[in-house]
Amino acid sequence: MEGITTGLTPLLTSLTGRVIAIAGASGLLGPIVVRRLAAGAALLALGGREEASLDDLASAIGIEADTASVDLLDADGARAWAAGIAERHGRVDGLVHLVGGWRGGTPIEEAPLEDWDFLEGLLIRTVQHATQAFAARLIESGRGRFVIVSSSQGQAPTHTNAAYAAAKAAAEAWTLALAHRFRGTGATANVIVVRSIVTAEMREESPDEDFSTFTPAEEIAEAVAYLCSNAAASMNGQRLTLRGAA
């Protein structure tokens, strides 16, 4: 991601004092994003299923964070989370949606439609509940940011991933519609597109595996930081593609 930020002044890329909520903060990608945004001096509100794991994450990184157990499948829970952050910190300047999961691998004619039921909730409904809870506050911020991490399957689906691809495409469409809502308000909504994610731990566990088509989690975290900064103030309703070497 250095290519995106090269030449930009620290003022443009600074996150100092911004109140940014991260949904799914304790997942695969979450800790790397938390670490990167914390390094940018953002004030972080971490949401996930288990508050204790979020507290452990903040402690491991060495930051004070606003942590909360939240189930984004529950619309009331999402609204309560947003309201609590705004009450405690006076505003919300960003929401990074990292809730994810996958089911697939079966030919489309044999794919269990129960996979769709699971993915529709996890990948679409959580986005809907979160954005409806936070949208007004992101507009009120004047520089609000919504960022979601999606998959290249959303644009180029394979038949063994039909349900997953359809859910990702729907989540992207919802995000782009939110971007349309944000026009003229100073808020933005954007999508980061990857193929698969690789972490340092995955490389250590499988040193002989070819990860050349995977996107390093650190690059995604840099992209999130960029999209949350003033440097991306004019970027709204866009897909930022980071799909590996091939």
Side-chain angles (χ1 to χ4, degrees), residues 22-33 47-50 53 70-78 95-133 146-180 189-199 201-203 205-206 208-217 219-220 223-224 237-246:
I22 302 177
S26 58
L28 173 68
L29 185 58
I32 294 94
V33 172
R49 288 298 185 95
E50 297 181 2
S53 65
V70 58
D71 179 4
L72 292 181
L73 289 173
D74 177 7
D76 291 337
L95 171 62
V96 180
H97 190 280
L98 302 178
V99 178
W102 175 83
R103 284 187 182 177
T106 306
I108 192 169
E109 67 273 18
E110 301 172 6
L113 295 184
E114 291 80 8
D115 285 356
W116 170 257
D117 297 334
F118 170 77
L119 293 168
E120 185 273 339
L122 187 68
L123 302 181
I124 304 172
R125 190 64 71 186
T126 61
V127 175
Q128 293 172 325
H129 288 166
T131 53
Q132 288 188 330
F146 177 69
V147 182
I148 187 171
V149 177
S150 189
S151 166
S152 56
Q153 286 285 330
Q155 298 299 304
T158 55
H159 79 92
T160 56
N161 290 290
Y164 176 75
K168 282 293 189 180
E172 287 188 23
W174 185 275
T175 299
L176 298 180
L178 180 66
H180 184 264
N190 292 290
V191 181
I192 298 172
V193 180
V194 303
R195 181 177 283 115
S196 299
I197 301 170
V198 61
T199 65
E201 290 77 11
M202 291 168 63
R203 292 185 188 277
E205 292 172 1
S206 304
D208 297 326
E209 187 166 343
D210 180 10
F211 290 108
S212 62
T213 63
F214 287 53
T215 306
E219 289 189 16
I220 301 170
V224 171
Q238 302 297 315
R239 291 184 178 91
L240 181 57
T241 302
L242 304 170
R243 289 196 297 211

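Note that the numbering runs from 1 along the sequence shown for the chain.
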Taking S206 for its side chain and E209 for its backbone only, find out whether a donor-acceptor pair lies under 3.5 Å. no

Report, as yes or no, whether the 6.0 Å neighbourhood of atom CG on L73 holds more than 12 heavy atoms from other residues, nucleotides or ligands. yes

Do I220 and T215 have side chains that approach each other closer than 4.5 Å (heavy atoms only, starting at C-beta)? yes

Using the rule side chain to side chain contact (heavy atoms under 4.5 Å, CB included), only one of P157, S151, S152 pairs with K168; which is it? S151

List the atom of L29, the atom of A217, and the distance in Å for their closest heavy-atom pair. CD1-CB, 3.7 Å

Which atom pair, heavy atoms only, marks the closest approach of R103 to E114? NH1-O, 4.2 Å

Are H97 and T126 packed together at the side-chain level, in the sense that at least one heavy-atom pair is separated by less than 4.5 angstrom? yes

Under the criterion side chain to side chain contact (heavy atoms under 4.5 Å, CB included), I'd like the reasoning laid out for L98 against V149: C-alpha separation, chi angles, the key distance, then a yes or no. CA-CA 6 Å; L98 302 178; V149 177; 3.8 Å; yes

Do I192 and I148 have side chains that get closer than 4.5 Å, going by heavy atoms? no

Evaluate the side-chain proximity of Q155 to V193: yes if any heavy-atom separation is below 4.5 Å, no if none is. no

Separation between CD1 (I124) and CH2 (W116), nearest 0.5 Å, reads 3.5 Å

Scanning both residues in full, the closest heavy-atom pair of L28 with I32 reads O-CD1, 3.6 Å

Nearest heavy-atom contact between V70 and G77 is CG2-O, 3.7 Å

From L72 CG over to R49 CZ, what is the distance, rounded to the nearest 0.5 angstrom? 8.5 Å

Kindly say whether T158 contributes a backbone atom to a donor-acceptor pair with the side chain of Q153 at under 3.5 angstrom? yes

Quick one, H180 and L176 - any side-chain contact, counting heavy atoms below 4.5 Å? no

A side-chain contact here means heavy atoms from C-beta on lying under 4.5 Å apart; do D74 and H129 qualify? no

Closest approach of A179 and A189, non-hydrogen atoms and distance? CB-O, 3.6 Å

Measure the CH2-CG distance between W102 and N161 for me, rounded to the nearest 0.5 Å. 6.0 Å

So do the side chains of F146 and V127 get within less than 4.5 Å of each other, counting heavy atoms only? yes

Just how far is it from atom OH of Y164 to atom CG of D115, taken to the nearest 0.5 Å? 13.0 Å

Once you round to the nearest 0.5 Å, how far does CH2 of W174 lie from OG1 of T131? 5.5 Å

Distance-minimising heavy-atom pair for I197 and F214: O-CD2, 3.6 Å

Are any non-hydrogen side-chain atoms of N190 and L240 less than 4.5 angstrom apart? no

So, S26 versus E50: side-chain donor-acceptor pair below 3.5 Å or not? no

Distance in Å, R203 CZ paired with F211 CZ, rounded so as to fall on 0.5 Å steps: 6.5 Å

